[in-house]
Each structure stands twice: as C-alpha cells, then as structure tokens.
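I have placed the structure first, in the form of structure tokens, so that the comments after it can refer back to it.
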Amino acid sequence: MSILVPAALAFSAIIPVILLLYFMRPKRQERIVGSTLLWQQAMQDLQASRPWQRLRITPLLLLQLLAAIIIVLVLVRPAIFMSSPVSGNTIVILQSSASMQATDVAPSRFEKAKDTISSFIDALGPNDHLSLISMARTPQVLIANSQDKTQLTNALQHARVTNQDADLQQAISLASSLAAGQENAQIMVVGDGHVMNSDQTLDSSFPVRYMSIGGDAPNVALLALSSRSLQGNLTAFAQVNNYSHDKRSIPVELYADGKLFGVKTVTLNAGGSGAIEWGPLPARTNLLHARLLSQDAMSTDHEAWSLVGSSIRGRVLLVSKGNMYLQTALRLQSNVTLYTIDPSKYTANIGTYDLTIFDGYTPTKEPAGNLLYVNPPTHSYSFGSSGPIEAVTHISTGNDPQNLLSNVDLSSIHTMRASHQLKPALWAQSIINTPETPLLLAGENNNRRIAVFGFDLHDTDLPLQPSFPILIYNMVNWFLPSPVAGNGQVAPGTAVNVQTWPGADQVTVTGPDQQAVTVGPPFPVTPYARTNSVGIYQVSQRVHGHVLNGLFTVNLFNPNQSQLAPAKAIPVAHSTNVSGNKNTISRQLREIWPWIAALLLLILCAEWWLFSRNYQPQQSSQSTSGTPRTTMRGKTNQRSTRYPWLNSMQEQVQASWNRTRRQSKKFRKRLRARLTRPTKGERRVNI
C-alpha cells in the first residue's frame, strides 16, 4: 500500500488530545453535606472527574479513537496497486457482429462483453483515458478519449448487437487514428474474433490485445436458398451446414408465398454440409421462405428468404402485326405482363403501360412511359430521326453504360445486311455500331427510357441466336429494373441503392419492422442503409399515378458468423491474448479512501447512537408499562411507543449492563475495604 499525502499524518495529533480529555476533568470545589443518600448519581460522576485519574476504557472512547484513526487514513489518501487490463490511453473495440448474439454465455456474448467493458470503466485510474468503438460492417466510435465514467457507461449502453459481419481492418484503422499522438496507447478487442478477411494479417502501430468471449457452442445454419426451372418445373434448393462436433438430423420447412410446401430432414456429419431440393413448386410462386427446426445458441441463421424471378412486374404493350420472336422472348421474362395489339387498332388513349414496343409502326403521338422502337419507319422521333434503309457491313460494340450487351456475343450475327439510317439525339448512346449507321440506340430523357433497333428482326439471324433472349432480358431489366440489382438478396448492413423506374416521383422502403422510409425524392434516391434485420423489405414506387411494389431480402448466409467457436487469435501481427484476470496489462494505483470514509460514517453513526442512549433515564419500577419514557431534557421518548421491540431490547441490554456494574462495584468495595480503613465522622464531597 502507498500513501499519496504523507503530510496528513500530522493530523494524528488528535489522538493524544482525545486521551487527554478523558484523563482530565474540570476541578470542582469541596462542600460538606449531611448525607450522600440523594447524591449517589453525582458520586459516580465525581469519581470519573478527578484530575489525572486512571484512564477508564469506555465504548465512546474506543469509537472516538477509531474515528480519529480513520480520519487520518482518509486524509493521507491510501492507495493500493490493482491489476487491470486497461491503463493509460486504451481504445476498446466491442465486437457487435451476428455471432455475438449467441447465448452460450448468459444472457448473450454481447451482453457479457459489455459487462466486461463496464468493469474496465469501473477500474479506471485518475490518469487513464478510454475510447469505445463498436465493430460491425461499418465500425462506429461510441465515445473518444474520456475519463468520465458516467459518460463512458452511457455510451456503452447505447451499443447494439447487429446481424452484420465485423470489419476488423476498419476498426483497427479507426482505433489507430484515435490513438495517434497519445502516450501509452493500446487497443483492446473484446469479442469472439469472427471478423472479415481473417486470412489476412493486419499491422498496427499500437499494441493490440484480444479478450475472447464465448465457448464452442454447436450450431446449424442455412447458407443458401434459391430456385430455378428444371425441365419446365420450378425447383427450390437450400444448403444447410452443421457446425457441431456431433452428427445431427435437421428438419427444414419450406414455405411458398407464405404457405407450407413441405418439410424435409437432412442428416449431416460433424462439420458437414448438405443440400435439400423441393419441387415442383407452383408455377406462379414469387417468394420462398425456409426455416430450420433446431434449438441452438444462435437462431438468426435459421431462416432465409428468396425471390423467384423479379419481385415487380411491369405492363408491356407490343404493337405489332405479329412478331413471334419478340413475343416469345418477352413471355420468358418473369417481370413482364405482356399485352399485344395490332397497329390498326392502336389509339393514343388505349391506356398507360410501363413499356410500349412499336414494331415497324409510327404512332401519331408518343405515349407516356418507356419506349422501344423496332425497325422504325422514316420519320422524326424523340430519339432523333430514322432515315431510309441502307446496307451495313462490319458490326461492332459501341458505348454501353447500361450494360445491355452483357453476356451477348455479337460475332454470332451473320445475316444482317441493311438498317435504317439512324441519327440519334444528344442524350442517346450508340450501343451497337456499324461504319454506316448505329444499329441500336438507348438512353434516358425526360425521366423515361427509350431504345431503338434500326433493323427488322426478320431480316437477320439474331433472333435465332442464343444471345437474343439474353439481349431482350438485359433490355427489359433496364426498362423495368428490379428494386435491387442481381437476385434481390442483400447482406445485413449493406447500403442498398434502389433502382427506380423512369417516371417514379416517390420511393419508400418498408423493412421487417414495418417502418417506412422515404428514399426519394430527391432523385437519384438516397441509399437505404437500415438493412440490419433479416427478412423481407418492400419497395413502393409511385409511377405515373399508380404504385408499383417490389421486394428484396436480407439473409445472413455467413459461415464466418455461424461457426460459433471463438477464434483463438485475431489476425493482427504481434497481438496478444487476455483471458480473465490473467495476462493483465499493468498494475495501476487505485485509491481506497472512499471505502475508508464509508466505514468512518458507520462508526460515527454508532457513536451517536451510543451517546444518545445515555440520555434515556431508567424506567421506574413503579411506573406503568403504558406510560412513555421521559428524557432528562423533558421530552417524551416516542421511540419506545413506536418501536416496542427496540425498547425491549434496550431494556435487556441495560439490565445486563447494570448487573455487570453492580458486580464490579461490589468487587471494588471489597478490595478497598481490605486496603483501607473506613473514615469516621463527616464525609467530604467535591461538588
């Protein structure tokens, strides 16, 4: 133990002062009285008031001396060395990824980690500073470089566990920026060590320590859910992994559009994986939902959702005299509801469609919505103009910012001989070129998308090539985009750029918590970042007065987070592990005077209680039990009537004390009688 203020030991001079007060009493004058019968109590007080008498040990004296000693201890500020895993300037990284939801430690790994950090906060010394970082896909600073335990505790309570991965590289970089320029800086990672890119070793200019949370808990997880058409039948597939040390049989439920389709059981060896297949599903199925029937330490990876085709369908009108190539390719698209009409029956007030295709026909007035022209007659259009047909030679790829030619092989076209002379507007991009004229134009103008094929599909072998359905698929998805690119599946915590339809004037996203967030206007839309919860997200777009609803899903599908056994080490060069009270970082002085001061308060309370007892006169044997006591100050003692049990206990203690005093008095009288002879005549008394 050390003392921080040695000079305060001078206050210990109060101890001999207290003893001197008990040795010395005020000197009184002597008076002669006829009898001491009425002065028995005064005689007892006078015996203790003789100057420089022998010291009598009383409870009050002991309590006062003890209080004086403790006051001296408080003033000198004693401190002891305590081992602590944090010291100096420490940046604590709290892992808040999906695996921290595991309940193999009560109540969960995340709450256990928060309790551990809370003990760090309580152990902070006067020269210690602490920073807190929450580590998920995007690490966040909870509080930086603080000594205030209240602020640190409040910031820690605001930390929340997520369904995301943990980006240790970004967290270390953020912690290093907080530690820059500080002396005795260090980084402490508290979690189970399941981080992104764990196969890469990171470097840090500051010492990094890792405190592991959790145990090797068994778990099973869904890692994939999809569908495809096999021989004309819709089939669903799911992948299940067994992250356990034992062989397990796991039942798996599949729901199609909210209705239970079937339950299948997969048996997996320890650490093994397997696939389950369901089919044939109803042809018009739009949404699949799979669920594992298993009780594990983690349940977030027990459910998954998947879209079948596109989640949003557009109304497409084909104005043609009968183009089977186009009709067949359009009917293969899952996001298209196709309508056909002969050019002779087409009118401007026929209705509003999301995409209108004119095959060899020029409308009197262009309709609202997206437009696709195929073999447009010579005329002026919104995209530019179409001139007479002329021969073309070499076909090449032009500028394709819309990715319309993705996976399209133009070298397979052999019989294209002629095309209309197309003169594009400034906003139109030439997607397929020839030295003579563009063959395919595409672009966006006035919040609608327009594309043009300058040739007749019947005069080429393009519709017969495997690339043609792919080209139509790319173009339809450009005209009628899904809310989320790809298969509509998003990882938790990923910001989503919602693809809006041309003409949309309002876009909202509603998550599994049923909270709607408006992401547009303004346009382009604001990325939607509230994707932490797994489940189904609905995208609503108001286009030309009507609302289109689409979906995307968020699934965990993360083997790194589903395998719950904590990492033995984190991928940081020269990092060390800290476990429990072992391998603590340093020993820091912690002051203990507040606890001593609390003891002093208890002693003073005991002294007050003992001192106040002496003001309670003995109850007369002739008084009735119902009469309340009266103190020497003339006040009624209400405590005896209010707390009868306390009164009884005090009387028992007082009776025992009186018996002891009488026996002691008798012993002293006998001893005095043997040593001295009693005086005769009058007695002299100090009064």
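All residue numbers refer to positions in the sequence shown, counting from 1.
- No hydrogens or angles considered: a donor-acceptor pair under 3.5 Å links the side chains of T393 and E436.
- For N335, the side-chain hydrogen bond (donor to acceptor under 3.5 Å, both in side chains) criterion is met by N477, not counting sequence neighbours.
- Here the side chains of L234 and S227 are in contact, with some heavy-atom distance below 4.5 Å.
- Side-chain polar atoms of Q239 and N241 form a donor-acceptor pair below 3.5 angstrom.
- With hydrogens and angles disregarded, a donor-acceptor distance shorter than 3.5 Å links the side chain of Q101 to the backbone of T162.
- The distance from atom CG of L457 to atom CE of M416, rounded to the nearest 0.5 Å, is 8.0 Å.
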**Prompt:** side-chain contact (heavy atoms from CB on, under 4.5 Å) between W478 and R449: does it pass, once the steps are laid out?
**Reply:** CA-CA 8 Å; W478 177 66; R449 296 178 178 179; 3.5 Å; yes
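- The only option from L371, L330, L317, V319 that meets the side-chain contact (heavy atoms from CB on, under 4.5 Å) definition with I357 turns out to be L330.
- Electrostatic pairing of E390 and R417 does not count as a salt bridge here, judged by no charged N lying under 4.0 Å from a carboxylate O.
- Side chains of L480 and W501 form a contact here, defined as non-hydrogen atoms less than 4.5 Å apart.
- Here the side chains of F523 and V507 are in contact, with some heavy-atom distance below 4.5 Å.
- A donor-acceptor pair is defined here as one N or O able to donate and one able to accept, closer than 3.5 Å; such a pair exists between the side chain of N474 and the backbone of S406.
- Judged by distance alone, the side chains of Q465 and S467 never bring a donor and an acceptor atom under 3.5 Å apart.
- Looking at every heavy atom in both residues, M196 comes nearest to N560 through N-ND2, 4.1 Å.
- Inspection of the H289 and E303 side chains reveals an N or O donor paired with an N or O acceptor under 3.5 Å.
- The side-chain heavy atoms of L222 and D301, taken from C-beta on, include no pair separated by under 4.5 Å.
- From L410, atom CG reaches atom CD1 of I395 across 7.0 Å, with rounding to the nearest 0.5 Å.
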**Prompt:** Between T267 and S249, is a side-chain hydrogen bond (donor to acceptor under 3.5 Å, both in side chains) present by the stated rule, with each step listed?
**Reply:** CA-CA 4 Å; T267 301; S249 296; 3.0 Å; yes
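- No side-chain donor-acceptor contact under 3.5 Å links T378 and S386.
- A salt bridge is defined here as a Lys NZ or Arg NE, NH1 or NH2 lying under 4.0 Å from an Asp or Glu carboxylate O, and D165 with R137 fails to meet this definition.
- N163 places a side-chain N or O within donor-acceptor distance of the main-chain N or O of N532, the cut-off being under 3.5 Å.
- Here the two rings, on Y373 and F453, have centers that are 6.0 Å apart or farther.
- Not one N or O on the side chain of N399 forms a donor-acceptor pair closer than 3.5 Å with the backbone of Q429.
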**Pair T553-Q489, side-chain hydrogen bond (donor to acceptor under 3.5 Å, both in side chains): steps then yes or no** = CA-CA 5 Å; T553 63; Q489 294 188 3; 4.6 Å; no
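- Partners of H414 according to the ring-ring contact (aromatic ring centres under 6.0 Å, His included) rule, which considers only residues two or more places apart in sequence or in another chain, do not exist here.
- Checked for salt-bridge contact, R109 and D192 meet the test: a charged N lies under 4.0 Å from a carboxylate O.
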**Request:** Run the numbers on N558 and Q561 for side-chain hydrogen bond (donor to acceptor under 3.5 Å, both in side chains), then give the verdict.
**Result:** CA-CA 6 Å; N558 192 333; Q561 296 297 317; 5.2 Å; no
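- Of all the heavy atoms in L441 and S430, the pair that sits closest is CD2-CA, 3.8 Å.
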**Item:** Working for side-chain contact (heavy atoms from CB on, under 4.5 Å), residues T397 and L405
**Value:** CA-CA 8 Å; T397 302; L405 299 182; 3.6 Å; yes
**Request:** Take S96 and S134 through the test side-chain hydrogen bond (donor to acceptor under 3.5 Å, both in side chains) and record every step on the way to the result.
**Result:** CA-CA 6 Å; S96 55; S134 176; 3.0 Å; yes
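- Applying the side chain to side chain donor-acceptor pair (under 3.5 Å) test to residues at least two apart or on different chains, the pairs with a partner in residues 290-299 are R248-S294, R248-D296, E253-R291, Y255-R291, S294-D296, D296-H302.
- Remark: the N323 side chain and the D359 side chain contain an N/O donor-acceptor pair separated by less than 3.5 Å.
- Looking at every heavy atom in both residues, A297 comes nearest to L564 through CB-CD1, 4.0 Å.
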